2 protein chains.
Amino acid sequence: MQNIGELIRTLREKEGYPLRKVAAFLDIDQAILSKIERGQRKLTKEQVIKLADFFNYNEKEMLITFFSDQIIYEIGNEEYAKEALKVAEEKIEYLKKTNKDE
Amino acid sequence: MQNIGELIRTLREKEGYPLRKVAAFLDIDQAILSKIERGQRKLTKEQVIKLADFFNYNEKEMLITFFSDQIIYEIGNEEYAKEALKVAEEKIEYLKKTNKDE
DNA sequence: AAAACTTTGACTATTTTTGTCAAAACAATA
DNA sequence: TATTGTTTTGACAAAAATAGTCAAAGTTTT
């Protein structure tokens with residue numbers, strides 16, 4: 001069960017790249033990438049997409065890892081997290097439906 | 001399928017209270033409460049709890065409404081929202097387990 | 001021990017969120 | 001329709017959160 005930071009680190013190390021190289025690709029300071037990999041800074045969706053491309057990693061999967069992390073970050077410690085997820089699912093389902101009808 | 005703002009408005013109107021009164025209870029400007037009810041400003045968890053108490057509404061339910069809204073706000077428009085929710089669920093399950101073991 | 005790489009923290013800049021206020025808009029009622 | 005009560009809006013300021021920069025300290029590799 002990997003979070004996005006760990007995933008990026010795994011991919012980077014698999015290639016044997018230093019932070020410097022990936023950070024340059026993303027056009028950010030390597031200190032920030034270091035923090036991203038350890039979950040101390042956030043990524044943008046655009047950065048995730050760029051990284052998936054860079055590492056030839058499935059973009060959809062990486063985005064799902066990214067978004068699920070965001071959710072965990074927000075409600076992971078809440079007592080009713082599971083219930084909230086369930087309701088969120090229903091709301092999304094509902095939104096989809098009503099958006100279709102307009 | 002109500003969001004937290006609509007729920008609060010519903011409860012407030014059921015009691016026939018003006019914004020002023022509920023805003024005073026929360027110790028915020030009535031303009032902010034107006035915006036909260038229309039989804040233009042966010043609530044804090046503490047405010048939600050206070051409101052549940054104020055309206056004699058089930059606290060758990062109101063918090064679930066609140067947190068599910070937060071999730072929707074973050075990922076509701078994303079293509080892979082549903083998948084992200086599923087993975088988030090697994091991550092929460094996982095977190096629970098590992099936290100038990102320490 | 002030198003070189004390459006990573007982490008840390010202090011500091012600044014930028015962006016986002018929040019609060020305040022008064023005027024405008026709206027609604028209900030005399 | 002004038003008056004009163006309520007809600008909405010938007011401009012502005014204040015505060016908080018987030019992001020970027022940089023160099024020194026720490027770690028790993030050779």
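Per chain, numbering begins at 1; letters A, B, ... match sequence-line order. Note that the structure is predicted; figures quoted are calculated from it, not measured. When reading the values below, keep in mind they use all heavy atoms of this one structure, side chains included, and skip hydrogens, waters and symmetry mates.
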> Is the shortest distance from a Lys or Arg side-chain nitrogen in B:Glu6 or B:Arg38 to a carboxylate oxygen in the other one below 4.0 Å?
Replying inline: no

Per [X] side chain, nearest of listed nucleotides [options]:
{"X": "B:Ile32", "options": "C:dT20, C:dT6, D:dT7", "answer": "C:dT20"}
{"X": "B:Lys35", "options": "D:dG10, C:dT18, D:dG20", "answer": "D:dG10"}
{"X": "B:Arg20", "options": "D:dT6, D:dT8, D:dG20", "answer": "D:dT6"}
{"X": "B:Ala31", "options": "D:dT9, C:dT7, C:dG9", "answer": "D:dT9"}
{"X": "B:Arg38", "options": "D:dG20, D:dT9, C:dT6", "answer": "D:dT9"}
{"X": "A:Arg12", "options": "C:dT6, D:dT9, D:dT7", "answer": "C:dT6"}

>> Classify A:Lys42 by what it touches in the nucleic acid, base, sugar-phosphate, or nothing, heavy-atom distance under 4.0 Å.
In response: sugar-phosphate

> Is there a donor-acceptor contact under 3.5 Å linking the side chains of A:Gln2 and A:Thr10?
Replying inline: yes

Nearest-Å distance for atom pair [atom1]/[atom2], residues [X] and [N]:
{"X": "A:Leu26", "N": "D:dG20", "atom1": "CG", "atom2": "C1'", "answer": "14 Å"}
{"X": "B:Glu37", "N": "D:dT8", "atom1": "CD", "atom2": "P", "answer": "7 Å"}
{"X": "B:Gln40", "N": "C:dT16", "atom1": "CD", "atom2": "P", "answer": "18 Å"}
{"X": "A:Glu46", "N": "D:dA19", "atom1": "CD", "atom2": "P", "answer": "13 Å"}
{"X": "A:Gln47", "N": "D:dT18", "atom1": "CD", "atom2": "P", "answer": "16 Å"}
{"X": "A:Leu43", "N": "D:dT18", "atom1": "CG", "atom2": "P", "answer": "14 Å"}

>> If I take atom CE from residue A:Met1 and atom CD from residue B:Glu93, how far apart are they, to the nearest 0.5 angstrom?
In response: 9.5 Å

>> Let me spell it out: for each of B:Arg41 and B:Glu13, pick the nucleotide of DNA chain D with the closest heavy atom. Which residue's pick is nearer the 5' end?
In response: B:Glu13

> What's the shortest heavy-atom distance between B:Arg12 and B:Tyr17, and which atoms?
Replying inline: NH1-O, 2.8 Å

